[in-house]
Amino acid sequence: VTEPNAGTDTSRIETKAERVGDGWRISGQKVWMTNAQNADKVLLLTRTQPRDPGRPFDGMTLFFVDLDRNNCDVREIEKLARSAVDSNEVFIDGLPATDDDIVGTPGSGFQHLIEALNPERIVVAFEAIGMGRAALKVGAEYASSRVVFGREIGRNQSVAHPLADALARLDAAELLAQRAASRYDQGLHCGREANSAKYLAASAAFDACDAALQTLGGYGFAKEYLVERWWREVRMFKLAPIAQQMVLNYLSERALGIPKSY
Ligand SMILES: Cc1cc2nc3c(=O)[nH]c(=O)nc-3n(C[C@H](O)[C@H](O)[C@H](O)COP(=O)(O)OP(=O)(O)OC[C@H]3O[C@@H](n4cnc5c(N)ncnc54)[C@H](O)[C@@H]3O)c2cc1C
């Protein structure tokens, strides 16, 4: 599903399921389907009723169906990072499904899906924080050991401070991510905390990786030190699973009550 947060135009849900006899036929396309090269099953959000502009989140249904290659053309996307798992665009033409393949209540698929998004944001926040901390460790060690012009480069505050700044912001993001996780575990609403934690973590972690890469100088580009990989990997969290701007849309609309931009 195209990221379904506040600000999302759900007309972009481009997969439709139509009743055919006592079953369903699904057609459409989905970009950025993770692990479709290997998957036997796919969880698909489909539109099953025409879009009502007044209730755009209604009329969608979740299906958990066989990813049958006879009806699905799966094309891998070459990408910047995250090579541990494949990403794909998938073209679906008449994929058969039954009522038993429906997850939850027909027409309420979007509402079911959204329940899973906050925990995903919390997990992503911690992933980013972990990468940021790993990069800071390498950066701090290098700053403390590399000697240029007779002294360790970390003695230059222009080298040390970006690392320290990222540490402070990673610590703050982690506290908020813990608060979001605690609220989720207690069954409390955690959209504000989960979105904010992901937003702060993605930003602080990327800056941590970037500061570490800069600290390593030329070796920042060397695969041996891993920083270049974290720098690439962590960049994704500013875009996915939700773009930073969409988090700000959510916070401005839902937490601050500012009128929507669309
Ligand atoms: C490696 C990777 C793996 C992924 N895996 C999955 C997956 O498994 N399943 C899945 O469903 N999706 C997946 N995605 C998709 C991901 O969730 C989306 O790419 C992401 O949510 C951004 O949506 P978009 O690409 O449609 O960008 P767009 O919505 O086209 O936005 C493009 C840019 O414009 C900005 N923008 C758009 N509208 C506004 C606005 N109103 N205000 C301010 N800025 C705006 C966005 O923030 C973004 O920077 C994956 C993406 C990547 C890169």
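Both ligands and their constituent atoms are indexed starting at 1 by order of listing.
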Hey, looking at atom 43 (C) of ligand 1, which of Gln244, Met236, Gln245 has the closest heavy atom? Gln245
Polar contact flag, side-chain donor to acceptor under 3.5 angstrom, Gln37-Asn88: yes
Atoms in ligand 1 with a heavy atom of Asn249 nearer than 4.0 Å: 40 (C), 41 (N), 42 (N)
Mutual orientation of the aromatic rings belonging to Phe57 and Phe110 [parallel < 30°, tilted 30-60°, perpendicular > 60°]: parallel
I'd like the name of whichever of Ile77, Leu239, Leu248, Leu80 reaches closest to atom 18 (C) of ligand 1 through any heavy atom. Leu239
So NZ of Lys223 and CZ of Arg229: to nearest 0.5 Å the spacing works out to 9.0 Å
Any N/O of Lys30 closer than 3.5 Å to an N/O of ligand 1? yes
With heavy atoms under 4.0 Å as the rule, classify the contact between Val31 and ligand 1 as side chain, backbone, both or neither. neither
For ligand 1 and Arg82, I'd like to know whether there is a polar contact (N/O to N/O, distance under 3.5 Å). no
Closest heavy-atom contact between Leu176 and Ser196? CD2-CB, 3.5 Å
Please list, chain by chain and in numerical order, all residues satisfying side-chain hydrogen bond (donor to acceptor under 3.5 Å, both in side chains) with Arg169, sequence neighbours excluded. Asp165, Asp207
Please report whether ligand 1 has a polar contact with Trp32, defined as an N or O pair separated by less than 3.5 Å (distance criterion only). yes
